[in-house]
Asker: 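Quick one: this structure, given as structure tokens, is what I'll be asking you about.
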Amino acid sequence: MATKKNITSKNTTTPGDNENCCGNHDHGHDHGNATNGFKQYIPAIGSFILLMIGIALDYFNVVFFKGWVRIIWYSVAYIPVGFPVVKMGWNNILKGSFFTEFFLMSIATIGAFAIGEYPEGVAVMLFYAVGELFQDAAVSRAKGNIQALLDVRPKSAQVLRNGNYVTVAPETVVVGERLQVRVGEKIPLDGKLLSYRASLNTAAISGESKPASITKGEKVFEGSVNLDGVIEVETTKEFKDSSIARILDMVQNATARKSKTELFIRKFAKIYTPIVVFLAIGLTLLPFFFVEDYVFEDWLYRALIFLVVSCPCALVISIPLGYFGGLGAASRNGVLFKGASFLDTMTKINTVAMDKTGTVTKGVFKIKDIVVSGGAKVEGSASYNKDFIDYLMAMESQSTHPIAKAILAYKQDEAGNYKATEVSEIAGKGLKGTVNGRTVLVGNKALMEAHGITVPEETRAIVETMVMVGIDDKFSGYVTIADELKDDAHRAIEEIKKAGISNIIMLSGDKDSITQEVAKELEINNAKGGLLPEEKLNEVENLKNIPGTLVAFIGDGINDAPVLAASDVGIAMGGLGSDVAIETADIIIQTDQPSKVAQAIAIGKSTRKIVWQNIGLAFGVKAIVLFLGAIGIATMWEAVFADVGVAILAILNAVRLQHMKWD
């Protein structure tokens, strides 16, 4: 979001292109320097001291504090905080922008001086300046929180070149190079783990405080901290394309994508401000024709109050700050919104459609059951048949199929006793070969039947992927291969339902029988499997055609990209998900945890609640004080509260988002 120039700063540069509140102005000072930060407050402190002394001299009716002495004293108090505002208002007028907050404050305070209300004129500008400083600090803190979250980019990398590890800048490392990361160091680029195992702190990029246990060949991300032992990594992305770079780009761009509420308030302010200016002019002049004892100074004073109250800063500043806080809070929790608009949309979602593989499951095949001939399960059973496993692994070691990898990973620490020879692949059925002098078949039911081997009847009821084994023309057993549910899959569905979304649908390209079983386990009532990408797209479009339905789709693969783009909110798994899905989605779950979807809804609701609280507060107080000012009850002091006081309260309310938790 654009930030406001500190009006008490000595830097009075012409307003920049960033628009905020009623006019255009940019950020003109360095928050990172404590000395410069204190200097910002010197004009306001000086003005405050002079104002307090002046009020005391007035109160005690000091003899010399009269006439020009009094005028000069309050003028000196006014200049430190008033001059930057008057200059900014004049610069905006030269650019053709009349109705800015600077114009309103300049006219109101100069008008107060014109009718002899010197203390009030100084007070209005002083409190306005203090409000600007307060707001500036709040915006800076919100930005600082996000920047601190993202400022984890390593400054160097240990890369293997010419047989030695040398220290280089991460920007110079190319894809495919080998890196060494010591204990306590950050991984400098995205890559895959070459070491056997690693324990990593990924909190900076995922928001997950629990250390992640990574095994050989798995992805690792830039910014992750190595917790245990020296590890080696092969780079898969350049520095500019890493996960941290992507997060930084998304968060920075998200602030440019305004919510409908924010855009409406900005448009409203542009219409509202000139209307109030003309109403103030009317309030000054029109009573002349209708009031018998018309006193110009009295009605001008009421009009000046009207102008001070009319400044819509509380709305136009606190609302973007609220959304900014929501985006930052989400980022800290491993949820990246690509725009403030999606914070709003997530609160309105009433239907969630989701993929299965890689979304609620880990996307990795794993042996579920091993059953030897006779129906006894191997795991935990005395009838464990080690020969069965050795024969199976000997055959699968000749295959590169994902299922073969899952079987080999089952006993990866143990070397098999046998080697397979004369292995041939029978298309669409499996493998045939010789192990320890015996003919071994490994594959599906069709392979068994093609060789005259009878398959047990109970296997017909099994829905998981099944690998059958035949040895010397006899059925020896089978293993079932399944994709494990993610650890938080059950909790994810429960929390989505608790968020008020009862219509949850699973749409998967996997076999319908497997999809239905996973859906049943997760208590999802509506599920469809065996879907092609275009069929998934049709399902989501049909849902969207139902009046009043807003659909969020959760996916991770390349084939999910069309559906992610077509849904009202596309949510991608950012850790294991494909780059295409991540680029297409509106929200990225960095931790790959489906339970973060409910958290994203909660953050969106909290943000929207804060924003509407601020809108109600600002409109309510301003309406009351505008009315009281018009009938002559309210003074400049009430006007200051209605403008600066309400703005500060709204900013404080928005800042609450930075401290909330949605665990």
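Computed from a predicted structure; not experimentally measured.
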Asker: Rounded to the nearest 0.5 Å, how far apart are CE of M468 and OG1 of T480?
Answerer: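 Taking CE in M468 and OG1 in T480, the distance rounds to 11.0 Å.
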
Asker: Between Q516 and D512, does any side-chain donor sit less than 3.5 Å from a side-chain acceptor?
Answerer: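 On atom types as modelled, these side chains qualify, holding a pair under 3.5 Å.
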
Asker: Can a salt bridge be assigned to the pair R178 and E234 using a cut-off of 4.0 Å between side-chain N and carboxylate O?
Answerer: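 Between E234 and R178 there is no salt bridge, as every charged N stays at least 4.0 Å from the carboxylate O atoms.
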
Asker: Which residue in the set D568, T347, I501 passes side-chain contact (heavy atoms from CB on, under 4.5 Å) when paired with L550?
Answerer: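 It is D568; the other options fail the test.
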
Asker: Does G176 offer a backbone N or O that forms a donor-acceptor pair with the side chain of T235 under 3.5 Å?
Answerer: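 A pair under 3.5 Å: yes.
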
Asker: Knowing that exactly one of V469, N444, I462 qualifies, which makes a side-chain contact (heavy atoms from CB on, under 4.5 Å) with Y478?
Answerer: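 So, applying the side-chain contact (heavy atoms from CB on, under 4.5 Å) to Y478 and each of V469, N444, I462, only I462 qualifies.
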
Asker: Evaluate the criterion side chain to side chain contact (heavy atoms under 4.5 Å, CB included) for residue pair Y418 and M393; output intermediate values, then yes/no.
Answerer: CA-CA 9 Å; Y418 305 126; M393 292 183 68; over 6 Å; no

Asker: What distance do N503 atom CG and L543 atom CG have between them, rounded to the nearest 0.5 Å?
Answerer: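 With rounding to 0.5 Å, CG (N503) is 7.0 Å from CG (L543).
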
Asker: Compare every heavy atom of M395 with every heavy atom of A420, then report the nearest pair and how far apart it is.
Answerer: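 That would be CB-SD, 3.9 Å.
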
Asker: Is there a side-chain contact between L392 and V467, using heavy atoms and a 4.5 Å cut-off?
Answerer: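 A side-chain contact under 4.5 Å exists here.
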
Asker: If you measure from the Lys or Arg side-chain nitrogens to the Asp or Glu carboxylate oxygens, is any gap between K338 and D586 under 4.0 Å?
Answerer: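 Salt bridge between K338 and D586, a charged N being under 4.0 Å from a carboxylate O: no.
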
Asker: Between K536 and D355, does at least one N-O distance fall below 4.0 Å, as a salt bridge requires?
Answerer: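 Looking at D355 together with K536, the answer is yes, because their closest N to O distance falls below 4.0 Å.
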
Asker: For the backbone of L343 and the side chain of K605, can you confirm whether one donor and one acceptor N or O come within less than 3.5 Å of each other?
Answerer: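 Checking the backbone N and O of L343 against the side chain of K605, no donor-acceptor pair under 3.5 Å is found.
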
Asker: So, for L227 and V183, which heavy atoms are closest and what is the spacing to 0.1 Å?
Answerer: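 Nearest heavy atoms, L227 then V183: O-CG1, 3.8 Å.
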
Asker: If you look at every heavy atom in A519 and A527, which pair is closest and at what distance?
Answerer: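 A519 and A527 have their closest heavy atoms at CB-CB, 3.5 Å.
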
Asker: Spell out, as yes or no, whether a donor-acceptor pair under 3.5 Å connects the side chain of N542 to the backbone of N545.
Answerer: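 No; judged by distance alone, with no hydrogens or angles, the pair does not exist.
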
Asker: With the side chain counted from C-beta on, respond yes when L657 and S606 share a heavy-atom pair under 4.5 Å apart, and no when they do not.
Answerer: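 In contact.
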
Asker: For K432, run the side-chain contact (heavy atoms from CB on, under 4.5 Å) check against T439, V423, V442 and tell me which one passes.
Answerer: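 Among T439, V423, V442, the one meeting side-chain contact (heavy atoms from CB on, under 4.5 Å) with K432 is T439.
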
Asker: Are the side chains of K486 and D592 in contact, using a 4.5 Å heavy-atom criterion?
Answerer: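 The answer is yes, as the side chains (C-beta and beyond) meet within the 4.5 Å cut-off.
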
Asker: Hey, what do you get for CG (L522) to NZ (K356), rounding to the nearest 0.5 Å?
Answerer: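 Going from the CG atom of L522 to the NZ atom of K356 covers 10.5 Å.
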
Asker: Is there side-chain contact between M573 and T359, with heavy atoms separated by less than 4.5 Å?
Answerer: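 M573 vs T359: side chains touch.
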
Asker: Donor-acceptor pairs are to be reported for all side-chain atoms of residues 492-500 against protein atoms at under 3.5 Å, with residues two or more places apart or in another chain.
Answerer:
unit_1, atom_1, unit_2, atom_2, d
K497, NZ, E523, O, 2.8

Asker: Starting at CD1 of I426, measure out to CG of L441 and round the result to the nearest 0.5 Å.
Answerer: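 Going from the CD1 atom of I426 to the CG atom of L441 covers 6.5 Å.
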
Asker: Of the non-hydrogen atoms in A198 and I231, which two are nearest, and what is the gap between them?
Answerer: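 Distance-wise, the nearest heavy atoms are CB-CG2, 3.8 Å.
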
Asker: Return yes if some donor-acceptor pair links the side-chain N/O of K596 with the main-chain N/O of N333 below 3.5 Å, else return no.
Answerer: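 Flag set: sc K596 to bb N333 pair under 3.5 Å.
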
Asker: Return the minimal non-hydrogen interatomic distance between G570 and A585, and the atom names on each side.
Answerer: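 Looks like O-CB, 3.4 Å.
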
Asker: For a side chain to side chain contact (heavy atoms under 4.5 Å, CB included) check, start with the C-alpha distance between I214 and R197, then their side-chain angles and the critical distance, and finish with the verdict.
Answerer: CA-CA 6 Å; I214 309 296; R197 183 173 285 110; over 6 Å; no

Asker: Please report the shortest heavy-atom distance between G326 and I603, naming the atom on each side.
Answerer: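 G326 and I603 have their closest heavy atoms at O-CG2, 3.7 Å.
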
Asker: Hey, are the side chains of R182 and N226 touching, using non-hydrogen atoms and a 4.5 Å cut-off?
Answerer: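 The answer is no, as the side chains (C-beta and beyond) never meet within the 4.5 Å cut-off.
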
Asker: Looking just at side-chain N and O atoms, do Y165 and E232 make a donor-acceptor pair shorter than 3.5 Å?
Answerer: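 A donor-acceptor contact under 3.5 Å links the two side chains.
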
Asker: Between S199 and D228, do the side chains contain a donor N or O and an acceptor N or O under 3.5 Å apart?
Answerer: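 Short answer, no.
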
Asker: Set out, in order, the CA-CA distance, both residues' side-chain angles and the distance that settles side chain to side chain contact (heavy atoms under 4.5 Å, CB included) for L179 and V173, then state yes or no.
Answerer: CA-CA 9 Å; L179 305 176; V173 180; 4.1 Å; yes

Asker: Strictly below 4.0 Å, N to O, side chains only: are R161 and E177 in salt-bridge contact?
Answerer: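 Yes, R161 and E177 are salt-bridged.
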
Asker: I'd like to know if the side chain of Q158 pairs up with that of T167 as donor and acceptor (distance under 3.5 Å, no hydrogens or angles considered).
Answerer: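 On atom types as modelled, these side chains qualify, holding a pair under 3.5 Å.
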
Asker: Taking side chain as C-beta onward, heavy atoms only, is M354 less than 4.5 Å from L507?
Answerer: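 M354 vs L507: side chains apart.
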
Asker: Between E535 and K528, is any pair of side-chain heavy atoms under 4.5 Å apart?
Answerer: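 No. Closest side-chain heavy atoms not under 4.5 Å.
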
Asker: Salt-bridged, R608 to D344, with N to O below 4.0 Å?
Answerer: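 Result for this pair is yes, salt bridge flagged.
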
Asker: Are any of the side-chain heavy atoms of M346 and V569 separated by less than 4.5 Å?
Answerer: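 Heavy-atom side-chain distance check passes, below 4.5 Å.
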
Asker: Assess the residue pair V220 and D190 against the criterion (side chain to side chain contact (heavy atoms under 4.5 Å, CB included)); give the C-alpha distance rounded to whole Å, side-chain angles, the decisive distance to 0.1 Å, and a yes or no.
Answerer: CA-CA 6 Å; V220 294; D190 288 0; over 6 Å; no

Asker: Could you check whether any side-chain N or O of Q590 sits under 3.5 Å from a backbone N or O of V335, counting only pairs where one atom can act as donor and the other as acceptor?
Answerer: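 It does not hold such a pair.
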
Asker: Measure from the side-chain N and O atoms of K419 to the backbone N and O of N436, and report whether any donor-acceptor pair falls under 3.5 Å.
Answerer: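 Side chain of K419 to backbone of N436: no pair is present.
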
Asker: So, taking the atom named CG in L531 and the one named CG in N538, what distance separates them when rounded to the nearest 0.5 Å?
Answerer: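 L531 CG to N538 CG: 9.5 Å, rounded to 0.5 Å.
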
Asker: Considering residues, nucleotides and ligands other than N525, do more than 12 of their heavy atoms fall under 6.0 Å from its CG?
Answerer: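 Atom CG in N525 is not crowded, with 12 or fewer foreign heavy atoms closer than 6.0 Å.
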
Asker: Taking the basic N atoms (NZ, or NE/NH1/NH2) and the acidic carboxylate oxygens, is any pair closer than 4.0 Å for E218 and K192?
Answerer: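 Between K192 and E218 there is no salt bridge, as every charged N stays at least 4.0 Å from the carboxylate O atoms.
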
Asker: Kindly compute the distance separating OG (S476) from CE (M448), expressed to the nearest 0.5 Å.
Answerer: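 Going from OG on S476 over to CE on M448, the span is 8.5 Å.
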
Asker: Can we say E517 and K520 salt-bridge, meaning some charged N sits less than 4.0 Å from an Asp/Glu carboxylate O?
Answerer: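 No, no charged N to carboxylate O under 4.0 Å.
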
